Amino acid sequence: WNKFKKSNSQFWEELEEQLISSDVSVDTADMIISNIREYAYSNNINDTGIIRDLLKKEIIKILNCGINEKLKFSGNPPSVYLIVGVNGVGKTSAIAKLAAMLKKQGKNVVMAAADTYRSAATEQLQHYGERLGIEVVHHQKLSDPGAVVYDSLDKALARRSDVLIIDTAGRMQTSFNLMEELKKIKRVVFKKLDRDPDEILIVIDSTTGQNARHQAEVFHRAIGLTGVILTKTDGTSKGGIVLTIKNELQIPVKLVTNGEKIENIDLFDPEKYTGAIFT
Amino acid sequence: QLTGKFEDLFFRIRNKGKLSPSDLDAALREIKLALLEADVNFKVVKEFLGNLKERALGKEVMESLTPYQQVIKIVNDEMTRMLGSSEGSVNFSSGGPTIFMMVGLQGTGKTSSVIKLANFIKSRFGKSVALVAADVYRPAAVLQLMDMAGKIGVDVYSEKSMDPVSISRKGVEKFTRDGRDAIIIDTAGRLHIDENMMLEVENIRKAVKPHQVYLVLDAMTGQEAVNIASAFNKRVECDGLILTKLDSDTRGGAALSVYYVVKKPIKFVSSGEKIEDFDIFHPERIASRILG
Ligand SMILES: Nc1nc2c(ncn2[C@@H]2O[C@H](COP(=O)(O)OP(=O)(O)OP(=O)(O)O)[C@@H](O)[C@H]2O)c(=O)[nH]1
Ligand SMILES: Nc1nc2c(ncn2[C@@H]2O[C@H](COP(=O)(O)OP(=O)(O)OP(=O)(O)O)[C@@H](O)[C@H]2O)c(=O)[nH]1
Ligand SMILES: [Mg+2]
Ligand SMILES: [Mg+2]
């Protein structure tokens, strides 16, 4: 065994580097690799191809979560999806794509333009609304985001819409005031519907490194996350931080966007995702 | 200069007169961990540790009365060296307007940086600035730029056409005729692996001949930062980088990796959404964040 260990220490190092270069955190990568190594040694497995497959299976196992990976729909419409995340990660685009996807499935969708801060955020969402024939509830610039959400809930209830998707302004997890604003938005939904949003999804950019874990942690502590939307997977980054986020915070990836066209959105597929890490 | 994890580590070994090989290995492992957690590219980390070990096994450390202090000094020197120097200020061209162009991946903060740089040039140098809206793809991109430009009293050239090369050329011609001191071109976000889009930004550069092309890079970019920056640099010959979203408290290892490999200076940093959250790059500040 020591012979295998010595001659293959490079093999294990390469496996670890594959994970690290995909932005998996060192802790999670070490945990996964040492579990596999222990299993391989105790089962006399020394075929590197088989070990690689074991590694893939282990990663898929971590990413899989049974029922949680599906989008939740409420028994009392509208189902409410609150979309959050730091600046520029792809929230507004993901919302348009998700709305289009749900509409194609025959659902009645309303979008809330609750980013009242950034220049042309409302116009950006309205552009998609017009293209898709989906209503966008909006107020004038710098109005209270909570008021937009309240108004959207009214409209969604009146129209008996199936889903209301709420766009919020990008915000750093390090901004106390902006995180408080998000809590307030969540409370508006609870007060109106007597339940929390059915999905609270953090949008994470595939190119982001270890800071994404901190983002997930702080957003989760503030408002409770039900899932991740992983964006820009059409780039060269693998978004491995979602493996860390699932492993350490138990937050699953639900959706993936892989381009700038409206159809570039899919339900998360752990097998496909894991395969991409190893190409 | 070293904070947090590094301080504990070196505090633990400081009272040992000599630096044993196992002490050094333990120290190197801790440094590797800290750098990877800071998003420094793993190949850059390997090389850094290699150089560090070589120097640590040399006379300056082994024959020093305070070997651990020597190692800290080396780490700090190497880090600061790897970040380049502060060359942030703007050099204006003597004949005609100075032309700037922003490029980068989607969502990194290009459009915001155009506005911040324009404001920086106006307020610090008293120069007249005008902008060219060459992002024809993103919904409401031109509106976004115009809305922000209106707040700082800066003109924007835009067209209904879908040809960013012609928009850029015409915008620069117009503002040159108007006698502006600086012209800044905003381009669409694009992937470094999108051949058509990289060709487009190459063509804009050829048509307009900017004095400064800045790659706008998100400070929280992970391991791919080096590949992204290298690809952009190869296609459009960047003059420098603008590092954004530093207020995320990200450690910023991407900055170090990119400078180490691409050797282009970081000119400016953006640390917030306000127009004034924009400043000249100071390497020492990033070095202490990475080692944080
Ligand atoms: N290539 C690629 N680009 C994307 C993807 N998702 C979003 N983008 C682009 O990323 C940029 C930012 O997208 P937005 O939807 O405005 O991001 P945001 O999170 O709403 O940004 P803020 O509201 O400013 O915080 C745009 O140029 C999008 O076209 C994706 O999956 N792939
Ligand atoms: N917190 C913070 N937000 C920033 C910073 N720089 C830019 N932003 C925000 O990041 C988001 C994206 O900025 P944009 O300027 O639209 O980015 P872009 O690169 O032009 O995006 P595309 O044109 O879609 O590729 C916006 O919400 C900005 O306000 C920064 O330094 N800190
Ligand atoms: Mg948005
Ligand atoms: Mg832009």
Side-chain angles (χ1 to χ4, degrees), chain A residues 16-27 29-30 86-93 96 117-128 130-131 141 169-175 178 205-215 218 231-232 234-241 259-260, chain B residues 32-34 36-43 45-46 105-112 115 137-151 188-194 217-225 227-228 231 244-254 271-273:
Chain A
E16 189 198 27
E17 284 178 356
Q18 187 116 31
L19 295 181
I20 301 281
S21 64
S22 303
D23 289 316
V24 178
S25 67
V26 175
D27 286 347
D30 279 351
V86 305
N87 307 71
V89 292
K91 298 179 291 304
T92 307
S93 319
Y117 171 76
R118 115 171 232 166
S119 294
T122 300
E123 287 83 350
Q124 183 189 4
L125 198 59
Q126 280 177 311
H127 162 93
Y128 288 115
E130 285 165 23
R131 249 183 72 186
K141 190 126 191 290
R171 68 201 67 221
M172 287 305 171
Q173 72 278 22
T174 50
S175 162
L178 291 180
D205 185 330
S206 291
T207 64
T208 309
Q210 300 306 303
N211 193 260
R213 187 204 177 288
H214 187 242
Q215 293 168 20
V218 175
T231 61
K232 308 181 196 171
D234 46 321
T236 53
S237 299
K238 310 284 181 161
I241 198 67
E260 296 189 83
Chain B
K32 174 182 175 190
L33 215 69
L36 288 177
E37 284 172 0
D39 291 324
V40 179
N41 184 279
F42 80 99
K43 289 189 188 147
V45 173
K46 258 182 162 170
L105 293 181
Q106 291 88 346
T108 54
K110 295 175 295 301
T111 305
S112 322
I115 296 293
Y137 307 100
R138 176 186 164 128
V142 177
L143 191 65
Q144 178 194 8
L145 188 65
M146 290 190 145
D147 187 59
M148 294 201 266
K151 297 205 179 89
R190 69 203 62 228
L191 292 181
H192 52 300
I193 52 171
D194 184 335
L217 184 73
D218 192 323
M220 357 175 206
T221 307
Q223 294 285 315
E224 275 297 296
N227 293 335
I228 294 162
T244 61
K245 307 185 200 172
L246 272 156
D247 49 318
S248 58
D249 277 359
T250 188
R251 304 261 295 277
S271 56
E273 288 196 81

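Please read these numbers as outputs of a predicted model, since none were measured by experiment. Below, chain A is the first sequence line, B the second, and so on; all start at residue 1.
- With respect to chain A, the highest number of heavy-atom pairs below 4.5 Å among B:Met148, B:Gln144, B:Lys245 belongs to B:Gln144.
- Note that OG1 of B:Thr244 is 9.0 Å distant from CG of A:Asn87, once rounded to the nearest 0.5 Å.
- Expressed to the nearest 0.5 Å, how far NE2 of A:His214 lies from CE of B:Met220 amounts to 12.0 Å.
- Per-residue counts of heavy-atom pairs under 4.5 Å with chain A were compared for B:Thr108, B:Leu145, B:Asp147; the largest is that of B:Asp147.
- Among the candidates A:Thr92, A:Asn211, A:Thr231, the residue making the largest number of heavy-atom pairs closer than 4.5 Å to chain B is A:Asn211.
- Residues A:Glu17 and B:Lys43 are not in side-chain contact: their nearest non-hydrogen atoms beyond the backbone lie 4.5 Å or more apart.
- Taking B:Gly107, B:Ala38, B:Gly253 one by one and counting their heavy-atom pairs under 4.5 Å with chain A, the maximum is reached by B:Gly107.
- Separating the CD atom in B:Glu37 from the OG atom in A:Ser25 is a distance of 8.0 Å, to the nearest 0.5 Å.
- Of the atoms belonging to B:Leu36, heavy atoms from both backbone and side chain fall under 4.5 Å from chain A.
- No other option in B:Gln106, B:Met146, B:Lys151 has as many heavy-atom pairs under 4.5 Å with chain A as B:Gln106.
- The structure places CG of B:Leu191 at 8.0 Å from OG1 of A:Thr236, a figure rounded to the nearest 0.5 Å.
- Using a 4.5 Å cut-off between heavy atoms, B:Leu105 touches chain A through its side chain atoms alone.
- For A:Lys141, the part lying under 4.5 angstrom from a heavy atom of chain B is the side chain only.
- With a 4.5 angstrom heavy-atom cutoff, A:Gln126 does not touch chain B via any of its atoms.
- Two residues are said to be in side-chain contact when any heavy atoms from C-beta on lie closer than 4.5 Å; B:Pro139 and A:Arg131 fail this criterion.
- Neither the backbone nor the side chain of B:Asn227 comes within contact range of chain A; no heavy atoms are under 4.5 Å apart.
- A distance of 6.5 Å separates OG in B:Ser112 from CZ in A:Arg118, rounded to the nearest 0.5 Å.
- The line from CD1 of A:Ile241 to CD of B:Gln223 is 10.5 Å long, rounded to the nearest 0.5 Å.
- With a threshold of 4.5 angstrom between heavy atoms, A:Glu130 does not approach chain B through any atom at all.
- Contact count versus chain B (heavy atoms, under 4.5 Å) is highest, among A:Gly170, A:Ser119, A:Gly88, A:Ser206, for A:Ser119.
- Put simply, the side chain of B:Asp249 never gets that close to the backbone of A:Thr174: no donor and acceptor are under 3.5 Å apart.
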Legend entry - A:Lys238/B:Glu224 under side chain to side chain contact (heavy atoms under 4.5 Å, CB included): CA gap, chis, key distance, verdict: CA-CA 9 Å; A:Lys238 310 284 181 161; B:Glu224 275 297 296; over 6 Å; no
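- Contact detail for A:Met172 and B:Ser248: the closest heavy-atom pair is SD-CB, 3.5 Å.
- The two residues A:Ala120 and B:Ala140 make their nearest non-hydrogen contact at CB-O, 3.7 Å.
- For A:Glu123, the parts lying under 4.5 angstrom from a heavy atom of chain B are both the backbone and the side chain.
- Contact annotation: the side chain of A:Gln210 never approaches that of B:Arg251 to less than 4.5 Å [non-hydrogen atoms, C-beta and beyond].
- Residue contact with chain B, scored on non-hydrogen atoms closer than 4.5 Å, is absent for A:Arg213.
- For A:Thr207, the parts lying near chain B are the backbone and the side chain together; criterion is any non-hydrogen pair under 4.5 Å.
- Of the listed residues (B:Gly109, B:Gly272, B:Gly222, B:Ala254), the one with the most heavy-atom contacts under 4.5 Å to chain A is B:Gly222.
- For B:Leu143, the parts lying under 4.5 angstrom from a heavy atom of chain A are both the backbone and the side chain.
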